[in-house]
Undergrad: 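To start, I am sharing the structure in question, which I have written as C-alpha cells.
Numbered from 1 within each chain, the chains take letters A, B, ... in sequence-line order.
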2 protein chains.
Amino acid sequence: MFSKTCEYAIKACIYIASQSLVQKRVGIKDIAQAIESPEAFTGKIMQVLSKNHIVDSVKGPHGGFEIPESAMKEKRLAEVVRAMDGDDIFKSCGLGLKECSGANPCPLHSQFAKIRADITKLLETTSLYDVATGLADGLTFLKR
Amino acid sequence: MFSKTCEYAIKACIYIASQSLVQKRVGIKDIAQAIESPEAFTGKIMQVLSKNHIVDSVKGPHGGFEIPESAMKEKRLAEVVRAMDGDDIFKSCGLGLKECSGANPCPLHSQFAKIRADITKLLETTSLYDVATGLADGLTFLKR
DNA sequence: CAAATAAAAGACTTTTTTATCTTTTATTAA
DNA sequence: TTAATAAAAGATAAAAAAGTCTTTTATTTG
Ligand code: FES
Ligand code: FES
C-alpha cells in the first residue's frame, strides 16, 4: 500500500502531533524510538517532511520537530503521502496500465476505482489532529 | 498495491483465460506481447503460476499455457495474488505494525480494515472467468 | 529416432528501496 | 564567544525487487 518510507513518515507525523498537543518538541531519537524506525533513516525522512512544511524543525539545543495545533488541524494524511510517495496511490491503475482511464479500462477498473476513491477519501479527510488525539489518549498505537 | 510481479501475473492469467475461451494455447512470447511485460521475466512468473496449479503448462511444439474453462470459473484473483505476493494485502497493517489487531490498533486501523475487507472481497469473489470475458469481448484492456 | 520447439531451471545483472555513516550548519546557553 | 546540541546535507552500503541470459528437460512430429 504505502512504501516503508511513507509508513514511517505517517507514524512520525502522528507522534510529533500528539506530543505537540502537550507542548513537547521531539528529537529524531525520540521519534525513532516511538515508531520503531532506524534513526538515521528517520532523519532523512524528517528532512523531506520539513522541506514540505509538514513539520516545523528547530536546530540546536532543545531543538527538534513540532506541529502547531492550528497546523495539525489543517494538514491531512494525504499531504504526507504525496510528499513521500507522490500521487500514485490516488490515481494510478491497479494493474499498472500507463494511465487509469474509463476509456481504456483494465479488467479491474470499475471495482478498483471505487476502492481507490475510498482510500483517497480517507487520506484527504483525515487530519493529523484527528489521529493524534487517539494516540494521546492511549487508544491507538504506533508500534508492535 | 500489488508488486510488479503480481500485476504481470494477474494480467497473464486474464489473457491466458481469454484465449482458452476460444481453445487457444498461448506461449510466453504471446503473453509478454499481450501484457507488455519483459519476456524472460514473464517466463519466471509463469513457472510460479504453473507450480501453484493456476495455469496448465505444456512443453514442446504447440506447447504453452492454458486454463480450462471449468478451472477458470473456480480460480479467484485472490489465488493469483497469494501465489505471487503472499497474503500481506489480506491481513497486514496499513502502517506496517507487526500485526494488525483490534487489541493494538494503529491510528488508521478502523478505517483501513474496511478498505482491506473491500479489497479482499473483490479478489476473493472475482473469478478468472469473470474478468476474461470482458477482455474477450473487447470491453477491457491489458495494455496502454 | 532425430530435429525442432517450448517451458523449466539456474546463474547473473541492474535498478530501486531501505538503511548507515560522516561532515557541515544553525542555535542555544553557559 | 565558545562548547554543546541537534538537524541538514552528502556520500556510501546493504537488501530487495525487477529483469536478463544460458543451459537443461520434456514433448512433438517428420
Ligand atoms: S485502468 Fe486499471 S484501475 Fe483504472
Ligand atoms: S493495526 Fe494497522 S490496520 Fe490494523
Undergrad: Atom CD1 of Ile31(A) and atom P of dA7(D): how far apart are they, to the nearest Å?
TA: 7 Å
Undergrad: On the nucleotide dA7(C), are OP1 or OP2 found under 4.0 Å from the side-chain N or O atoms that Ser50(B) carries?
TA: no
Undergrad: Do the side-chain N or O atoms of Tyr8(A) get closer than 4.0 angstrom to the phosphate oxygens (OP1, OP2) of dA19(C)?
TA: yes
Undergrad: Measure the distance from CG on Leu49(B) to P on dA8(C) and round it to the nearest whole Å.
TA: 10 Å
Undergrad: Within the structure provided, determine whether Leu123(B) and Phe90(B) are in side-chain contact (heavy-atom separation under 4.5 Å).
TA: yes
Undergrad: Taking protein heavy atoms under 4.0 Å as touching, what does nucleotides 10-17 of chain C look like 5' to 3' if B marks base contact, S marks sugar-phosphate-only contact and - marks none?
TA: BB------
Undergrad: Indicate yes or no for a side-chain donor-acceptor contact from Ser20(B) to the backbone of Ile16(B) under 3.5 Å, with no hydrogens or angles considered.
TA: yes
Undergrad: Taking Arg76(B)'s backbone N and O only, do any of them form a donor-acceptor pair with Glu79(B)'s side chain (distance below 3.5 Å, no angle check)?
TA: yes
Undergrad: Could you write nucleotides 22-30 of chain D as a row of B, S and -, 5' to 3', where a protein heavy atom under 4.0 Å of any base atom gives B, of only sugar-phosphate atoms gives S, and otherwise -?
TA: ---BSBBS-
Undergrad: Are side-chain heavy atoms of Val131(B) and Thr140(B) found at a separation under 4.5 Å?
TA: no
Undergrad: Without decimals, in angstroms, what is the distance between Lys29(A) NZ and dT20(C) P?
TA: 15 Å
Undergrad: Hey, does Leu108(A) have a side-chain heavy atom less than 4.5 Å from the side chain of Leu77(B)?
TA: yes
Undergrad: In sequence, state the C-alpha distance, the side-chain angles, and the governing distance for Tyr129(B) and Ile67(B), and then conclude on side chain to side chain contact (heavy atoms under 4.5 Å, CB included).
TA: CA-CA 10 Å; Tyr129(B) 178 82; Ile67(B) 307 177; over 6 Å; no
Undergrad: Apply side-chain contact (heavy atoms from CB on, under 4.5 Å) to Phe141(A) and list each qualifying residue two or more places apart in sequence or on a separate chain.
TA: Asn104(B), Pro105(B)
Undergrad: Could you give all pairs that pass the side-chain hydrogen bond (donor to acceptor under 3.5 Å, both in side chains) test and reach residues 81-92 of chain B, with sequence neighbours left out?
TA: Ser3(B)-Asp85(B), Arg82(B)-Glu124(B)
Undergrad: Output the rounded distance in Å from CZ (Arg25(A)) to C1' (dT28(C)).
TA: 11 Å
Undergrad: Any sub-3.5 Å donor-acceptor pair from Asp118(A)'s side-chain atoms to Ile115(A)'s backbone N or O?
TA: no
Undergrad: Using a cut-off of less than 4.0 Å, is there contact between a side-chain N or O of Ser57(B) and OP1 or OP2 of dA8(C)?
TA: yes
Undergrad: Please determine, for the side chain of Phe65(A), which listed nucleotide (dA7(D), dT20(D), dA7(C)) has the closest atom?
TA: dA7(D)
Undergrad: Just wondering, do His109(B) and Cys93(B) contact through their side chains at under 4.5 Å, heavy atoms?
TA: no
Undergrad: Compute the bend angle of the helix from dC1(C)-dG30(D) to dA30(C)-dT1(D) from the end axes (five pairs per end), rounded to 10°.
TA: 0°
Undergrad: What is the distance, to the nearest angstrom, from the CD atom on Gln33(B) to the P atom on dA6(C)?
TA: 15 Å
Undergrad: To the nearest angstrom, how far is Phe41(B) atom CZ from dA7(C) atom P?
TA: 17 Å
Undergrad: dA8(C) C1' sits how many Å from Met46(B) CE, rounded?
TA: 12 Å
Undergrad: Please list, one pair per line, the donor and acceptor atoms closer than 3.5 Å that link side chains of residues 22-36 of chain B to other protein atoms, with sequence neighbours excluded.
TA:
residue: Arg25(B); atom: NE; partner: Glu66(B); partner atom: OE1; Å: 3.4
residue: Arg25(B); atom: NH1; partner: His62(B); partner atom: O; Å: 3.0
residue: Asp30(B); atom: OD2; partner: Gly27(B); partner atom: N; Å: 2.7
residue: Glu36(B); atom: OE1; partner: Lys98(A); partner atom: NZ; Å: 3.4
residue: Glu36(B); atom: OE2; partner: Arg144(B); partner atom: NH2; Å: 2.9

Undergrad: Could you tell me the separation between the CD1 atom of Ile45(A) and the C1' atom of dA7(D), rounded to a whole number of Å?
TA: 15 Å
Undergrad: The side chain of Ala40(B) lies closest to which of these nucleotides: dA7(D), dT20(D), dA9(C)?
TA: dT20(D)
Undergrad: Is Lys11(A) salt-bridged to Glu7(A), going by a charged N under 4.0 Å from an acidic O?
TA: no
